[in-house]
Amino acid sequence: MRDTSFTAQRNSPMAPPRSFLWSRRVFLTLLAGFVLVPVYVMISSSLKPLADVTGRFRWLPSELTIRPYIDIWSTVPLAKYFANSLIVAGAATVCSVVIAVFAAYAVSRYDFRGKRVFTVTVLSTQMLPGILFLLPLFLIYVNIGNATGIALFGSRGGLILTYLTFSLPFSIWMLIGYFDSVPRDLDEAALVDGCGPFGALFRIVVPAAIPGIVAVAVYAFMTAWGEVLFASVMTNDTTRTLAVGLQGYSTLYDVYWNQIMAASLVVSVPVVAGFLLLQRYLVAGLTAGAVK
């Protein structure tokens, strides 16, 4: 018996033309190649000896070796850079999420003078390029260190504060939109049942806003994990992060391309794994408030 449903669907006036379907397939194939070819080159180069990488490029390696993945830990102190990045990015993420939750809840649930000015100001800070803040932050950290003895310049704490200034405004703005999508009737019901404002926040609003909070956490972590500009100025040999430490594979005499590729893959594992695990929360958090 012939399947008439598929034929009817193809002959439907709303069905896209055949040329559009083929164009879409070709475009998606080219896009996949544009994304996957560099990844393949990175993986294959990380499994080659240095002589093969610096020589004529071959799509199929003549020799495979895992030696670059072993040497990356001794050529530069990659483990120390990895720990610094985890501490800085993790602390910046936790601080950003905690502060953003309280600030967004206050803006979403309470009316106060200057509320609109506050939200516009918070969002407008994202319009300025980060390099404009480099010299002012440098001078502020140096002056604070000279006046109080608190070493912000060249420390993990100073770098955490720096990343917090960039991730926090967008985190607050995004959580405001998500908290607005949570019905206020839930808060009122919790207050009637005896919960205070903090009880309503942590027992009702926060569990309902988990996707938005996860999206904010992923954004803050990725912002701090791969940042190069401030990390190259605000750190020293002890507090250097991965984004800057990878430059150590390039010396005056040689560039260890196979180790650079291997180290790049290794440092990408936490971000990629976290994104895959939290993808459904991230998508839900970024699309919150789009449809009401």
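Of all the heavy atoms in Val206 and Val101, the pair that sits closest is CG2-CG1, 4.2 Å. In plain terms, the two heavy atoms of Ile160 and Ala91 that are nearest each other are CD1-CB, 3.4 Å. Nearest heavy atoms, Pro270 versus Val267: CD-O, 3.4 Å. Of all the heavy atoms in Leu164 and Ala92, the pair that sits closest is CD1-O, 3.9 Å. Contact between Ser155 and Gly158 at its shortest, heavy atoms only, is OG-N, 3.2 Å.
Not a single ring-ring contact (aromatic ring centres under 6.0 Å, His included) links Phe118 to another residue, sequence neighbours left out. Every residue two or more places apart in sequence or in another chain was checked for a side chain to side chain donor-acceptor pair (under 3.5 Å) with Asp254, and none qualifies. Among residues two or more places apart in sequence or in another chain, the side chain to side chain donor-acceptor pair (under 3.5 Å) test is passed with Ser108 by Asp180. Among residues two or more places apart in sequence or in another chain, the side-chain contact (heavy atoms from CB on, under 4.5 Å) test is passed with Arg184 by Arg109. Partners of Arg67 according to the side chain to side chain donor-acceptor pair (under 3.5 Å) rule, which considers only residues two or more places apart in sequence or in another chain, are Asp71. Trp257 meets the ring-ring contact (aromatic ring centres under 6.0 Å, His included) test with no other residue; sequence neighbours excluded. In this structure Asp185 satisfies the side chain to side chain donor-acceptor pair (under 3.5 Å) test with no other residue, sequence neighbours excluded.
No chain of hydrophobic side-chain contacts below 4.5 Å, direct or via other Ile, Leu, Val, Met, Phe, Trp or Tyr residues, connects Ile87 to Phe221. By the criterion of side-chain heavy atoms lying less than 4.5 angstrom apart, applied directly or through intervening Ile, Leu, Val, Met, Phe, Trp or Tyr residues, Phe170 is grouped together with Val98 in one hydrophobic cluster. Under a hydrophobic clustering in which Ile, Leu, Val, Met, Phe, Trp and Tyr are joined whenever their side-chain heavy atoms come within less than 4.5 Å, directly or via other members, Val244 and Tyr163 fall into different clusters. Linking Ile, Leu, Val, Met, Phe, Trp and Tyr whenever their side-chain heavy atoms come within less than 4.5 Å puts Leu137 and Leu135 in one cluster.
Side-chain polar atoms of Arg156 and Asn84 form a donor-acceptor pair below 3.5 angstrom. Judged by distance alone, the side chains of Ser171 and Ser96 do bring a donor and an acceptor atom under 3.5 Å apart.
Between Pro68 and the options Ile260, Leu265, Asn258, a side-chain contact (heavy atoms from CB on, under 4.5 Å) holds for only Asn258. Here the options are Leu78, Val266, Val228, the test is side-chain contact (heavy atoms from CB on, under 4.5 Å), and the partner is Leu242; only Leu78 passes.
Between the side chain of Asp52 and the backbone N or O of Lys48, no donor-acceptor pair lies under 3.5 Å. With hydrogens and angles disregarded, no donor-acceptor distance shorter than 3.5 Å links the side chain of Ser45 to the backbone of Met42. Listed for the Thr148 side chain is no donor-acceptor partner under 3.5 Å among the backbone atoms of Gly145. Side-chain N or O atoms of Glu227 include one that pairs as donor or acceptor with a backbone N or O of Leu229 at under 3.5 Å. The main-chain N or O of Gln247 is never found under 3.5 Å from a side-chain atom of Ser250 such that the two would form a donor-acceptor pair. Between the side chain of Gln259 and the backbone N or O of Ala263, no donor-acceptor pair lies under 3.5 Å. Between the side chain of Lys80 and the backbone N or O of Thr241 there is no donor-acceptor pair closer than 3.5 Å.
Counting heavy atoms from C-beta outward, Leu159 and Thr239 have side chains that stay 4.5 Å or more apart.
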Original post:
Passes side chain to side chain contact (heavy atoms under 4.5 Å, CB included), Ile150 versus Leu152? Steps please.
Top reply: CA-CA 6 Å; Ile150 300 176; Leu152 293 178; 4.1 Å; yes
**OP:** Step by step, work out the side chain to side chain contact (heavy atoms under 4.5 Å, CB included) result for Thr65 and Leu47.
**Re:** CA-CA 5 Å; Thr65 177; Leu47 296 173; 5.9 Å; no
Original post:
Between Val205 and Leu186, is a side chain to side chain contact (heavy atoms under 4.5 Å, CB included) present by the stated rule, with each step listed?
Top reply: CA-CA 8 Å; Val205 180; Leu186 297 177; over 6 Å; no
**OP:** Go through the steps to decide whether Ile72 and Tyr249 satisfy the test side chain to side chain contact (heavy atoms under 4.5 Å, CB included), and finish with yes or no.
**Re:** CA-CA 8 Å; Ile72 58 175; Tyr249 295 105; 3.3 Å; yes
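No more than 12 heavy atoms of other residues, nucleotides or ligands shown are found within 6.0 angstrom of CD1 on Ile131. Shown here is Ile66, whose CD1 atom has no more than 12 heavy atoms of other residues, nucleotides or ligands within 6.0 Å.
In this structure, Leu175 CG and Ile99 CD1 are separated by 12.5 Å, a value rounded to the nearest 0.5 Å. The line from CD1 of Ile70 to OG1 of Thr75 is 11.5 Å long, rounded to the nearest 0.5 Å. Note that the CZ atom of Arg25 and the CG atom of Leu30 stand 14.5 Å from one another [nearest 0.5 Å]. Of the inter-residue distances, the one linking Tyr256 atom OH with Met261 atom CE reads 15.0 Å to the nearest 0.5 angstrom. Phe179 contributes atom CZ, which lies 11.0 Å from atom CD1 of Ile172 (distance to the nearest 0.5 angstrom). The CG atom of Leu31 sits 13.5 Å away from atom CZ of Arg24, with the distance rounded to the nearest 0.5 Å.
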Name every donor-acceptor pair, under 3.5 Å, that has one atom in a side chain of residues 32-40 and the other anywhere in the protein, sequence neighbours excluded.
{"residue": "Tyr40", "atom": "OH", "partner": "Trp59", "partner atom": "O", "Å": "2.2"}

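The side chain to side chain donor-acceptor pair (under 3.5 Å) analysis of residues 131-140, with sequence neighbours excluded, yields no pairs. Each ring pair (Phe, Tyr, Trp, His ring centres under 6.0 Å) pair with one or both residues in residues 130-149, not counting sequence neighbours, appears once here: Phe133-Phe166, Phe138-Phe153. For the ring pair (Phe, Tyr, Trp, His ring centres under 6.0 Å) condition, the pairs that include at least one residue of residues 66-93, sequence neighbours left out, are Phe82-Trp225. Listed by first and then second residue, the ring pair (Phe, Tyr, Trp, His ring centres under 6.0 Å) pairs involving residues 86-116 are Phe102-Phe202 (not counting sequence neighbours).
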